[in-house]
Asker: 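Have a look at this one before I ask anything.
All of these numbers come straight from a predicted model, not from anything done at the bench. All chains are named by letter (A, B, ...) in the order of the sequence lines, taking the proteins before the strands, and each is independently numbered beginning at 1.
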Amino acid sequence: MKSLIPWKRKNEELISASRMDNPFEALQRRMNSLFDDFSEDLWQPMPWLNQASPKFEVSESDNEVSVKAELPGLDEKDIEVELQENMLTIRGEKKNEREEKNRNYHLSEVSYGQFSRSVPLPSGIDRDNVKATFKKGVLTLNIPKTEQAAEQRKRIEISAE
Amino acid sequence: MKTNKSLEKMESKEIQPTEDRPVFTPATDIFEKPDAVLLRCDMPGVDEKSVDITLKDHTLTISGTQQDDTRQGYEMLAGEYMTGLYRRAFTIRQNIDESAIKARLKNGVLEIVLPKAKEALPRKITIET
């Protein structure tokens, strides 16, 4: 039945990140994904509530790459960061602290459990000087670029005629 | 087409921003214990100084502001979240001992303990003989 839906745009998610700076495109994509969510709803109830998989932000400056992840409710001890080649992997487990029996839930939206996410990083990073901090539920990684890579980045002047 | 109709419906709704930053609804767990109601909200990146909790007429309102962490000279490669405000209101039906409400913010999770008022606690009645 899913294949009958012509406006399924799953592949768009892959290129979405690079287009984030255009608010209109972002809105349009959000609308598209909204309908995707609706159609998926039939198979998987409320997929947007699954927050066990953390949200990432990757940005780059002239001399470093910065990775941020929202990890509320985790302790720094619960997080594992690994760098293999240029693949950054963040693993962790969000534990439900107060495991009490016969708890009377009125609302349960927070997802608990394990997650693992990998982010490919640009080449030319200084693997030995990665700085990781965890503050207020946000993990920040500062990955410096090697001097070589920083030098290679060259701005090209545009001359007006 | 049904899709277009619902799209038109959404566009016709007049939505006006009341804040200059995006407002989010924090994911929340609420559970009840014999003597208290517990709330737990995911609010990553929020500073405890910016958290505001009010209880009035059985409505509990919580809000918190995330630090704006946009930095100069950085180019976004992939952004899956934005920073803004968290805000949410709940109706609490139980009688709460307002003077004993406790709240703490740890690792981006706001936890509020709302102890039940004495008159709301279950009472054991002994039968006189």
Asker: Are Asp29(B) and Tyr112(A) close enough that a side-chain donor and a side-chain acceptor fall under 3.5 Å?
Answerer: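 Yes, Tyr112(A) and Asp29(B) have a side-chain donor paired with an acceptor closer than 3.5 Å.
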Asker: Tell me, side chain or backbone of Pro26(B) under 4.5 Å from chain A's heavy atoms, or both, or neither?
Answerer: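 Contact with chain A is through the backbone of Pro26(B) alone.
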Asker: Quick test of your reading: applying salt bridge (charged side-chain N to carboxylate O under 4.0 Å, His left out), list the pairs with at least one residue in residues 127-140 of chain A, sequence neighbours left out, ordered by first then second residue.
Answerer: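 Listed once each, the pairs are Lys136(A)-Asp47(B).
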Asker: Side chains of Thr28(B) and Arg88(B): is there a donor and an acceptor less than 3.5 Å apart?
Answerer: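 Yes, a side-chain donor-acceptor pair sits under 3.5 Å.
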Asker: Under 4.5 Å between any side-chain heavy atoms of Ile62(B) and Asp52(B), yes or no?
Answerer: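 A side-chain contact is absent here, since even the closest heavy-atom pair is not under 4.5 Å.
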Asker: Strictly by modelled atom types, are Asp97(B) and Ser99(B) linked by a side-chain donor-acceptor pair under 3.5 Å?
Answerer: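 Note: Asp97(B) and Ser99(B) side chains meet the donor-acceptor criterion.
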Asker: So which of Val67(A), Val119(A), Asp75(A) has the biggest tally of heavy-atom pairs under 4.5 Å with chain B?
Answerer: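 With the most close heavy-atom pairs to chain B, the winner is Asp75(A).
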Asker: What are the residues of residues 83-91 of chain A, in order of number, with any heavy atom under 4.5 angstrom from a heavy atom of chain B?
Answerer: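 Listed by number: none.
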Asker: Going by atom types alone, do Tyr105(A) and Glu32(B) pair a side-chain donor with an acceptor below 3.5 Å?
Answerer: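 Distance-only check fails for Tyr105(A) and Glu32(B).
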Asker: For the pair Lys33(B) and Asp35(B), find out whether any cationic side-chain nitrogen is under 4.0 Å from an anionic carboxylate oxygen.
Answerer: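 A salt bridge is absent here (no side-chain N lies under 4.0 Å from a carboxylate O).
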